[in-house]
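Contents: one structure, followed by commentary.
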Amino acid sequence: EKKEIPNLSIKNQSKKYIKEREYIQTILQPLEQVELNLNYLEILSNLNIETRYGRASQNEESLSLVFDIYNQHLKNPVVNQLLLQLKNNDSYTFLHSIDVFTLGTLFARHLRLPLLEVISLGYLFHDIGKSKIPHKLLNKPGKLTRIEYDVIKNHTFEGENILNDVGFEHISYFAGLHHERHDGSGYPNGLRGHEIPIEIEILHIIDTFSAITLERVYKLDKHSTDAM
């Protein structure tokens with residue numbers, strides 16, 4: 001059964017904000033951005049953007065726009081809580097999410113896609129489901145067993161559920177579909193071709209580039225030119 005792709009332009013604001021308030025009241029604890037280290041420029045300094053982003057790292061106007069979008073997102077306490085979940089579970093996934101958010105937003109802006117702020121939020125939390133996956137499994141140096149791989153794959157469902165639960169239904173499909181592939185070989189729904197929205201196609205490219213060029217505990221990073 002093919003999954004229906006949400007229309008980004010359709011928003012149920014009242015339902016969304018009710019869920020956000022409930023989430024804040026029942027889960028969110030007072031947070032300090034100093035503790036979270038959510039300073040965007042500090043995070044970028046750990047991503048070696050001069051080498052990995054090429055010319056994009058020299059475009060002050062574009063980076064300034066992404067910086068403003070990021071800080072605008074941080075005004076929402078739910079965003080802070082979700083970033084905290086990512087960072088506390090796995091520092092690599094946190095850095096990777098910021099990396100994908102930055103590159104994906106730059107790419108989407110270059111293509112003049114509408115609703116850039118919404119798309120950028122989807123990129124930021126595409127891997128939020130990994131906050132439910134054991135840290136040791138995410139960083140296992142050896143080959144995954146079939147069962148372990150199935151657990152990892154489940155992060156798409158976990159991510160979609162997390163975003164729905166906090167009132168972010170309008171971006172939950174980014175978490176649910178970011179492992180779909182153009183040829184139909186992806187998961188969880190085996191979508192192919194035009195069944196996959198362009199913003200998810202972009203996410204696939206950026207997600208792969210980021211994974212290849214960022215160093216992991218079990219592999220060295222690759223130079224951006226080799227990754228391309």
Side-chain angles (χ1 to χ4, degrees), residues 1-29 31 38 66 68-90 93-94 96-98 100-102 104-105 107-109 111 113-133 152-181 186-192 194-204 206-207:
E1 183 180 353
K2 301 301 183 184
K3 187 177 185 67
E4 182 180 352
I5 309 302
N7 186 335
L8 281 177
S9 64
I10 299 177
K11 298 179 181 179
N12 187 336
Q13 295 292 340
S14 60
K15 181 179 179 182
K16 173 176 176 288
Y17 290 130
I18 288 172
K19 283 194 173 184
E20 284 186 10
R21 284 198 301 272
E22 289 176 349
Y23 184 70
I24 294 167
Q25 291 168 358
T26 58
I27 298 177
L28 188 61
Q29 301 298 321
L31 302 173
L38 298 183
V66 179
D68 289 342
I69 292 174
Y70 177 83
N71 283 329
Q72 188 64 35
H73 288 325
L74 279 190
K75 292 180 180 179
N76 186 333
V78 175
V79 170
N80 282 265
Q81 176 63 26
L82 293 178
L83 287 173
L84 177 62
Q85 285 181 217
L86 279 174
K87 196 170 190 296
N88 281 347
N89 188 61
D90 183 55
T93 303
F94 173 74
H96 169 70
S97 297
I98 299 295
V100 169
F101 159 78
T102 303
T105 303
F107 202 149
R109 179 179 186 264
L111 295 181
L113 296 188
L115 300 172
L116 186 61
E117 290 79 7
V118 176
I119 290 173
S120 70
L121 192 63
Y123 291 162
L124 185 60
F125 292 126
H126 74 285
D127 258 348
I128 187 62
K130 285 186 176 176
S131 65
K132 297 292 187 180
I133 306 298
I152 293 286
K153 287 169 64 176
N154 200 49
H155 80 278
T156 57
F157 294 109
E158 294 283 7
E160 196 165 12
N161 288 337
I162 289 170
L163 294 173
N164 284 334
D165 287 345
V166 301
F168 282 1
E169 299 98 334
H170 59 307
I171 62 164
S172 64
Y173 72 99
F174 285 86
L177 302 181
H178 71 280
H179 280 286
E180 299 290 351
R181 297 295 179 256
Y187 64 86
N189 301 303
L191 302 181
R192 64 172 60 240
H194 295 299
E195 294 175 318
I196 305 173
I198 185 172
E199 61 270 23
I200 300 298
E201 294 270 26
I202 292 172
L203 177 53
H204 173 209
I206 300 301
D207 189 26

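Below, each value reflects all heavy atoms present in this structure, side chains not excepted, and no hydrogens, waters or symmetry copies. These figures come from a predicted structure and were not determined experimentally.
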Can a donor-acceptor pair be found, under 3.5 Å and without considering hydrogens, that links the side chain of [X] to the backbone of [Y]?
| X | Y | answer |
| --- | --- | --- |
| E160 | F157 | no |
| N89 | K130 | yes |
| D90 | T93 | yes |
| E180 | N189 | yes |

Heavy-atom side-chain contact between F174 and L163 under 4.5 Å: no
Are H96 and D207 side-chain neighbours, meaning at least one heavy-atom pair lies under 4.5 Å?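 H96 reaches D207 side chain to side chain.
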[X] versus [Y], closest heavy-atom pair with distance:
| X | Y | answer |
| --- | --- | --- |
| A108 | I202 | CA-CD1, 4.4 Å |
| I128 | I162 | O-CD1, 3.7 Å |
| L177 | I200 | O-CG2, 3.5 Å |
| I69 | S120 | CG2-OG, 3.2 Å |
| A175 | F125 | CB-O, 4.1 Å |

What is the ring orientation for F101 with Y70, classed by angle as parallel under 30°, tilted 30 to 60°, or perpendicular over 60°? tilted
Spatial distance of atom [atom1] ([X]) from atom [atom2] ([Y]) [nearest 0.5 Å]:
| X | Y | atom1 | atom2 | answer |
| --- | --- | --- | --- | --- |
| L111 | E201 | CG | CD | 12.0 Å |
| L124 | I119 | CG | CD1 | 14.0 Å |
| L84 | S131 | CG | OG | 10.0 Å |

Do H179 and Y187 have ring centres separated by under 6.0 Å?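 Yes, ring centres under 6.0 Å apart.
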Passing option when Y173 is tested against H126, E199, H178 for side chain to side chain donor-acceptor pair (under 3.5 Å):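 Looking at H126, E199, H178, the match for Y173 under the side chain to side chain donor-acceptor pair (under 3.5 Å) is E199.
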Do S172 and N164 have side-chain N/O donor and acceptor atoms under 3.5 Å apart?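 On atom types as modelled, these side chains qualify, holding a pair under 3.5 Å.
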Criterion side chain to side chain contact (heavy atoms under 4.5 Å, CB included) on L121 and V79, from CA distance to verdict: CA-CA 9 Å; L121 192 63; V79 170; 4.0 Å; yes
